[in-house]
Amino acid sequence: MSQIIDGKAVSAAVKQEVAEETARLREEKGLKVGLAVVIVGNNPASRVYVNNKKKACEAVGFQSFEYALDETTTQEQLLDLIKVLNNDPKVNGILVQLPLPKHIDEKTVINAISAEKDVDAFHPVNVGKIMIGEYAFLPCTPAGVMRLIESTGTEISGKQCVVIGRSNIVGKPMAMLLLHESGTVTICHSRTKNLKEICLGADILVVAVGKANFVTGDMVKEGAVVIDVGMNRLDNGKLCGDVEFESAEKKASYITPVPGGVGPMTIAMLMKNTLTAAKQQAGL
Ligand code: GUN
């Protein structure tokens, strides 16, 4: 039987830290922190995320600037807005909610965001910094996963860490962060042979494939720490992760639930990045 990692509690602790530092910097240095969130179109899931980001900003004492743009917004118009936000001193962080409508090129948009305000850490400059371990911003979801692993008291150094998934947003940076903590890291993906065997060697298993119940208990090493980044909506409307919780829980020492595991951490780490951006821009 494993211990369930409470992502809501860890997320609340991170937001509390951010709120306290924000209040202190406002009092001592007059620093104000602002995050601009841009959403294009009416994707319902994106709408929920953006509303949650706005609420989190209020909770930690940031100003939030929301730009809800019509589905028909052109790439040029979006790039013009980003230019304005890049030059607005009240805006310390810029987040353009993905996915964008098909007629807009995500890479072009991400590249247009000032690297100093790129609180998602998606800009190539920030991605490169992650590679060499000299980063200001950590990509929010992998950073949240690191914080959850830390909350279990598990040492990463020397451990076999397996990441399933190689996306730019989660899998690749996740592997880098584990490597920086001296884990022995294996990245698995759809072409990986002997996936079960590799997973069975994992002391720390991070799953980010986007397939419901992809990892089952027979793939989990006894005593492993299992982190489930998945968020899949089943036909019956229920949310479920990439890990089959009931069977994996019998083997893991610690496991994250879905919902209530990694999900709440992403926004907490976004708040942390935004505060870091504001401090850097103020030379603090
Ligand atoms: N869409 C889903 N997750 C994310 C995220 O972390 N950042 C942005 N910008 N869009 C997303």
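Counting starts at 1 for both ligands and their atoms, in listed order. Both backbone and side-chain heavy atoms feed into the values below; hydrogens, waters and symmetry mates do not.
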Mind checking whether T274 and F62 have side chains closer than 4.5 Å, heavy atoms only? yes

Test: E21 and K29 ion pair at under 4.0 Å: no

Walk me through whether L35 and N92 qualify under side chain to side chain contact (heavy atoms under 4.5 Å, CB included). CA-CA 6 Å; L35 174 67; N92 305 110; over 6 Å; no

Stepwise, does the side chain to side chain contact (heavy atoms under 4.5 Å, CB included) test hold for V215 with D242? CA-CA 6 Å; V215 167; D242 292 348; 5.9 Å; no

Can you produce the list of protein nitrogen or oxygen atoms under 3.5 Å from a nitrogen or oxygen of ligand 1, alongside each distance?
residue	atom	partner	partner atom	Å
ligand 1	1 (N)	Q97	NE2	3.1
ligand 1	1 (N)	L98	O	2.9
ligand 1	7 (N)	D120	OD1	3.0
ligand 1	7 (N)	D120	OD2	3.4
ligand 1	9 (N)	V96	O	2.8
ligand 1	9 (N)	D120	OD2	2.7
ligand 1	10 (N)	L98	N	3.0

Between E116 and S114: side-chain donor-acceptor atoms closer than 3.5 Å: yes

Is the closest side-chain heavy-atom distance between V125 and K129 below 4.5 Å? yes

